[in-house]
Amino acid sequence: MAKNPERTYGQYGFPFVSLLFIICYLPMKNVIVMTVEKKHNTSVSNACWGALIGFVCLGIVGAIPLQENAVLLSSKNSKVTLETQSIIHQAAAGIFFMCSIWHTQTILGVMVDTESPILNANIKRNYISYLFKQGSMYMMFLPAVISFVLHPTSSIAKMLKLNKLFNAGDMGGISQYIAVLAVMIFFTSYSIDFYHCHQIKQKNIRLKKLD
């Protein structure tokens with residue numbers, strides 16, 4: 001996102017994604033908090049607000065991209081200095097990932113300890129959503145494995161000659177793509193929960209009509 005066309009895509013795309021997230025997620029937060037037990041209310045509410053803060057930061061990541069010569073910062077002989085916009089960009093990205101991880105771990109913990117018709121992982125219709133969420137959490141730890149395997153001093157990298165295929169920039173890029181994909185999968189899985197909310201609502205409407 002340092003140069004066009006990615007720079008322009010990010011400046012418009014990321015804030016737009018954040019806006020869509022805010023529109024759909026606040027109603028979802030209220031529904032989830034109402035359906036879980038009182039002991040989980042605070043945890044779920046804080047996790048949802050954490051996600052909201054994270055996605056606001058995602059908007060900032062797009063609105064304030066890296067400096068155009070950011071690639072030169074990795075060069076040892078480069079005289080390029082880190083600019084304020086790059087610092088803000090990286091800080092916002094860091095907050096986004098930390099909030100996402102916190103939200104992920106909290107919600108998964110609640111799902112195995114609640115009777116909520118929307119989040120209870122033991123209910124068959126909710127299990128697919130739980131699997132997607134759990135799988136994405138495991139994906140978040142993959143970048144650490146990749147950075148270990150592709151590290152310049154790694155014996156695995158030398159044995160498989162991976163150090164000739166991937167440099168430090170490639171390693172960082174691959175790790176970031178995986179981390180972003182994991183977050184995308186987790187939050188996209190809420191579309192399943194939205195659908196279950198709709199099913200429950202329709203069922204209640206039908207029962208009221210029968211009464």
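Everything numeric here is computed off the predicted structure, so don't read it as measured data.
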Looking at every heavy atom in both Thr188 and Ser191, which two are closest together, and how far apart are they? O-OG, 2.7 Å
Separation between CG of Leu131 and OH of Tyr127, rounded to the nearest 0.5 Å: 4.5 Å
Can you tell me how far apart NZ (Lys124) and CD1 (Ile128) are? Round to the nearest 0.5 Å. 9.0 Å
Taking side chain to side chain donor-acceptor pair (under 3.5 Å) as the test, write out the residues that go with Gln199, two or more places apart. Tyr195
Do side-chain atoms of Thr114 reach the backbone of Met111 as a donor and acceptor pair under 3.5 angstrom? no
Would you mind writing out the side-chain donor-acceptor pairs for residues 47-63 within the sub-3.5 Å range, not counting sequence neighbours?
none

May I ask whether Ile64 and Ile95 are part of the same hydrophobic cluster, defined by side-chain heavy atoms of I, L, V, M, F, W, Y residues being less than 4.5 angstrom apart, directly or through others? no
Kindly determine whether Arg7 and Glu68 satisfy side chain to side chain contact (heavy atoms under 4.5 Å, CB included), including the steps that lead there. CA-CA 9 Å; Arg7 186 185 186 91; Glu68 290 191 23; 3.4 Å; yes
Holding to side-chain contact (heavy atoms from CB on, under 4.5 Å), I want the full list of residues that pass it with Ile185, two or more places apart in sequence or in another chain. Phe132, Ser136, Met139, Leu181
Val112 vs Tyr130, side chain to side chain contact (heavy atoms under 4.5 Å, CB included): CA-CA, chis, key distance, verdict: CA-CA 9 Å; Val112 296; Tyr130 177 73; 3.4 Å; yes
Between Val17 and Met184, is there shared hydrophobic-cluster membership here, with clusters defined by ILVMFWY side-chain heavy atoms closer than 4.5 Å? yes
With clusters defined by side-chain heavy atoms of hydrophobic residues (ILVMFWY) lying less than 4.5 Å apart, directly or transitively, does Ile23 cluster with Phe16? no
Going by atom types only, do Ser116 and Asn120 share a side-chain donor-acceptor pair under 3.5 Å? no
Donor-acceptor contact below 3.5 Å, side chain Gln134 vs main chain Leu108: no
Would you confirm whether Thr106, through its side chain, and Trp102, through its main-chain N or O, come within 3.5 Å as a donor-acceptor pair? yes
List the residues meeting side chain to side chain donor-acceptor pair (under 3.5 Å) with Ser189, not counting sequence neighbours, and say none if there are none. Lys133
Donor-acceptor pair, Gln67 side chain versus Ser86 backbone, under 3.5 Å? no
May I ask you to test the Leu66-Gln85 pair for a side-chain heavy-atom distance under 4.5 Å? no
With hydrophobic residues grouped by side-chain heavy-atom distances under 4.5 Å, do Val183 and Phe194 end up in a single group? yes
Tell me, do Ile178 and Met140 make a side-chain contact under 4.5 Å, heavy atoms counted? no
Counting only heavy atoms not in Ile22, do more than 12 fall under 6.0 Å of its CD1? yes
Thr35 OG1 to Ile200 CD1 distance, which is reported to the nearest 0.5 Å: 8.0 Å
With rounding to the nearest 0.5 Å, note down the distance linking NE2 in His196 to CZ in Arg125. 6.5 Å
Ile118 reachable from Ile205 in the ILVMFWY side-chain graph, under 4.5 Å edges: no
Output the distance between atom CG (Asn126) and atom CG (Asp193), rounded to the nearest 0.5 Å. 6.5 Å
To the nearest 0.5 angstrom, please state how far the SG atom of Cys197 sits from the CD1 atom of Ile32. 7.0 Å
Tyr12 meets the side chain to side chain donor-acceptor pair (under 3.5 Å) criterion, sequence neighbours left out, with none
Could you check if a side-chain atom of Tyr9 sits within less than 4.5 angstrom of a side-chain atom of Asn4, using non-hydrogen atoms only? no
Would you say the side chain of His40 lies within less than 4.5 Å of the side chain of Leu119, judging by non-hydrogen atoms? no
Show me, pair by pair, the donor-acceptor contacts under 3.5 angstrom made by side chains of residues 24-31, not counting sequence neighbours?
| residue | atom | partner | partner atom | Å |
| --- | --- | --- | --- | --- |
| Tyr25 | OH | His103 | NE2 | 3.0 |
| Tyr25 | OH | Tyr190 | OH | 3.4 |
| Asn30 | ND2 | Leu26 | O | 3.4 |

